[in-house]
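As structure tokens, the structure follows; a few thoughts come after it.
Residue numbering restarts at 1 for every chain, and letters A, B, ... go by the order of the sequence lines. This one's a predicted model, so the numbers in the text were calculated from it and none came from an experiment.
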2 protein chains.
Amino acid sequence: MIQALLVEDHDLFAEGMKSMFQPEDGITIVAHTKNGHETPSLLEEHQIDVILMDIDMPILDGVTTLKMIKKRGFDHPTLMLTMHQSMRFVKEALEKGAQGYILKDASKPELIEAIRTVSARKNYFHPKVNEQVFDYFRNRGKSQSGLNELSEREKEIIKCLAEGMNSKAIANALCISEHTVKTHRRNIMHKMHVNTSAELVRQAMEQGIIEMG
Amino acid sequence: MIQALLVEDHDLFAEGMKSMFQPEDGITIVAHTKNGHETPSLLEEHQIDVILMDIDMPILDGVTTLKMIKKRGFDHPTLMLTMHQSMRFVKEALEKGAQGYILKDASKPELIEAIRTVSARKNYFHPKVNEQVFDYFRNRGKSQSGLNELSEREKEIIKCLAEGMNSKAIANALCISEHTVKTHRRNIMHKMHVNTSAELVRQAMEQGIIEMG
DNA sequence: CGTTTAATACCCCAGTTGGGGTATTGTGTA
DNA sequence: TACACAATACCCCAACTGGGGTATTAAACG
């Protein structure tokens with residue numbers, strides 16, 4: 001029996017996951033937390049074979065949580081659960097040492113297969129994610145630059161734009177010159193292949209660079 | 001035993017919901033569809049006491065589905081399930097005849113209470129939603145205008161803006177003059193209390209006016 | 001120890017945006 | 001019928017945006 005820890009903020013989804021697995025599935029969720037901070041202590045209390053980690057959580061998101069527990073010396077195989085099909089998250093999750101990535105609109109058999117694969121320390125990608133990974137490395141080979149890797153500063157600029165600030169306001173807020181803000185914005189727009197700030201914000205939200213509400 | 005129909009596109013969430021209810025809960029999900037279009041035939045095939053309707057679905061969203069089945073003469077009590085805490089959705093769902101509204105981060109007991117309440121044809125609001133409803137009517141009393149009721153045309157303009165179109169491109173796409181586009185955009189920005197198109201798009205996405213990729 | 005990259009800053013400039021007006025038409029509703 | 005409102009269109013104009021450059025500095029990386 002594979003013993004799983006579920007890190008997921010949506011209670012209803014978590015409840016569902018817990019009661020979903022039958023004895024014949026060979027999987028059981030032995031612990032659940034809505035809070036990334038509680039993860040380490042749960043990993044100590046229970047004998048966990050695999051972590052099921054939601055990416056989209058407020059306060060402490062899945063990728064950050066993963067980074068944190070790896071840093072503390074835990075090395076549990078981890079399956080990332082998300083609604084986002086974005087390469088950004090896949091890439092970040094892989095960098096932090098996740099073994100697998102599955103979308104929330106996957107089927108139960110797919111999830112079971114994913115959990116079994118990951119708990120055996122093999123990599124699992126949901127078919128829909130696989131396409132993205134393929135595209136990613138194909139583009140990477142071409143452009144060397146690796147899609148759209150935004151710097152922290154650039155993400156900061158995007159957040160300001162999304163909050164309705166213009167160049168001058170951003171310059172004041174970040175204590176830099178208006179020229180610099182303009183340069184950043186232009187670089188971001190090039191990287192993301194968009195033509196207006198409005199489209200920039202849309203893309204950023206879809207890719208999870210900006211958190212929702 | 002309350003017999004429920006679940007309309008939900010995320011397979012994993014649906015699977016979870018199905019296996020979540022125990023006999024002592026007095027609730028069972030007798031049918032599930034990922035597709036709003038299938039709802040009417042399922043309502044005919046099964047004896048359904050309550051519909052659990054996800055709002056955030058591609059192709060045919062929950063509110064549209066609800067409108068469609070009401071139009072076809074079905075009058076099942078319906079509980080809307082969503083991640084959005086936005087007043088816009090609450091309002092639309094109510095207008096289309098939903099009996100209740102619950103967020104996906106509710107707890108299992110809350111969900112059970114909601115289903116029981118709605119199936120008895122009483123109204124149910126999740127506490128978090130209740131605040132919004134209260135705010136809404138309080139503002140409504142003040143301003144008479146009712147928060148930010150965007151016209152269909154205005155929503156169309158927003159979608160174009162989010163796709164990176166400028167006034168000229170939107171004017172061409174919608175076969176109207178550039179002046180008109182400008183007027184619309186200005187009206188929208190007033191209604192939504194934002195100062196830039198970028199912020200406009202952010203707000204629109206948070207309120208669900210624009211669907212996510 | 002060179003090379004790359006992020007962050008910073010500046011120049012130029014056409015074109016768009018955002019804010020202030022006003023006005024006509026059609027539709028729907030009180 | 002009369003009033004309200006959505007959609008349309010136009011005027012003016014200061015300010016900002018987006019696209020084209022170039023360049024310095026410091027940090028990161030092989």
Side-chain angles (χ1 to χ4, degrees), chain A residues 88 91-92 95 139-204 209, chain B residues 88 91-92 95 140 142-204 209:
Chain A
R88 179 177 310 280
K91 186 176 159 296
E92 280 185 353
E95 282 174 358
N139 286 328
R140 205 182 165 77
K142 270 190 206 149
S143 68
Q144 184 77 277
S145 76
L147 222 52
N148 42 7
E149 316 204 53
L150 298 172
S151 70
E152 285 309 309
R153 197 53 157 178
E154 286 170 339
K155 289 179 196 172
E156 220 168 338
I157 302 281
I158 295 176
K159 278 172 198 162
C160 291
L161 283 173
E163 275 163 27
M165 297 161 82
N166 62 17
S167 297
K168 192 178 288 178
I170 299 175
N172 285 332
L174 303 185
C175 295
I176 53 180
S177 114
E178 221 175 310
H179 297 291
T180 309
V181 175
K182 258 189 63 175
T183 304
H184 279 309
R185 192 185 45 210
R186 197 168 20 155
N187 291 340
I188 297 167
M189 301 211 303
H190 278 154
K191 284 188 188 178
M192 297 181 73
H193 307 293
V194 298
N195 297 309
T196 65
S197 294
E199 192 185 6
L200 202 177
V201 168
R202 179 213 173 91
Q203 288 288 349
I209 300 164
Chain B
R88 180 178 306 283
K91 186 177 160 292
E92 281 185 353
E95 283 174 357
R140 207 184 163 78
K142 271 191 204 150
S143 70
Q144 185 76 280
S145 75
L147 224 50
N148 43 6
E149 316 205 53
L150 299 172
S151 70
E152 285 308 309
R153 196 54 156 180
E154 286 170 339
K155 289 179 196 171
E156 220 168 338
I157 303 281
I158 295 175
K159 279 172 199 161
C160 290
L161 283 173
E163 276 163 24
M165 296 161 81
N166 62 16
S167 297
K168 193 179 288 179
I170 299 175
N172 285 332
L174 303 185
C175 296
I176 54 180
S177 114
E178 222 174 310
H179 298 291
T180 308
V181 175
K182 257 189 62 176
T183 305
H184 278 308
R185 192 185 45 213
R186 198 167 19 154
N187 290 340
I188 297 167
M189 301 211 312
H190 278 155
K191 284 189 187 178
M192 297 179 73
H193 307 293
V194 297
N195 296 310
T196 65
S197 292
E199 193 184 6
L200 203 176
V201 168
R202 179 214 173 91
Q203 288 288 350
I209 298 164

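At distances below 3.5 Å, at least one donor-acceptor pair connects side-chain atoms of E199(A) with backbone N or O atoms of N195(A).
Taken from CD in Q203(A) to CD1 in I158(A), the straight-line distance is 10.5 Å, to the nearest 0.5 Å. Distance CD1/I188(A) to CG/L200(A): 6.0 Å, rounded to 0.5 Å. Rounded to the nearest 0.5 angstrom, S197(A) OG and I157(A) CD1 are separated by 11.0 Å.
A nucleotide of DNA chain D counts as in contact with chain B when one of its atoms lies under 4.0 Å from a heavy atom; the first and last such, 5' to 3', are dA6(D) to dC12(D).
Where V194(A) and K168(A) each meet DNA chain D at their nearest nucleotide, the meeting point lying more 5' is that of K168(A).
OP1 or OP2 of dG18(C) has at least one side-chain nitrogen or oxygen of S197(B) nearer than 4.0 Å. OP1 and OP2 of dT17(C) both lie 4.0 Å or more from every side-chain N or O belonging to N195(B).
Residues from residues 170-188 of chain A placing a heavy atom under 4.0 Å of any atom in DNA chain D, listed by number, are K182(A), R185(A), R186(A).
Separating the CG atom of L200(B) from the C1' atom of dG18(C) is a distance of 12 Å, rounded to the nearest angstrom. One interatomic measurement links the two molecules: CE of M189(B) to P of dT16(C), which rounds to 16 Å at whole-angstrom precision. At whole-Å resolution of the value, CG in N166(A) and C1' in dT16(C) are 14 Å apart. Rounded to whole Å, atom P of dA6(C) lies 14 Å from atom CD1 of I157(A).
When the C1' atoms of four end pairs are superposed on the next four at each end of the helix from dC1(C)-dG30(D) to dA30(C)-dT1(D), using five pairs per end, the two resulting axes differ in direction by 60°, to 10°.
Salt bridge K155(B)/E152(B): present, at least one basic N to carboxylate O contact under 4.0 Å. Ion pairing of E156(B) with R153(B) is present here, as a side-chain N (NZ or NE/NH1/NH2) and a carboxylate O approach within less than 4.0 Å.
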What pairs of donor and acceptor atoms, side-chain ones from residues 165-181 of chain A against any protein atom, are under 3.5 angstrom apart with sequence neighbours left out?
unit_1	atom_1	unit_2	atom_2	d
N166(A)	OD1	K168(A)	N	3.2
N166(A)	OD1	A169(A)	N	2.9
S167(A)	OG	R185(A)	NH1	3.1
S177(A)	OG	H179(A)	N	2.9
S177(A)	OG	T180(A)	N	3.4

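By the side chain to side chain contact (heavy atoms under 4.5 Å, CB included) test, E163(A) is found to be paired with R202(B), residues two or more places apart in sequence or in another chain being considered.
Nearest heavy atoms, I209(B) versus K159(B): O-CE, 3.8 Å. Of all heavy-atom pairs between A162(A) and V201(A), the closest is CA-CG2, 3.8 Å.
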Per-nt protein contacts along nucleotides 24-30 of chain C (heavy atom under 4.0 Å; B base, S backbone sugar-phosphate only, - none) come out as -------
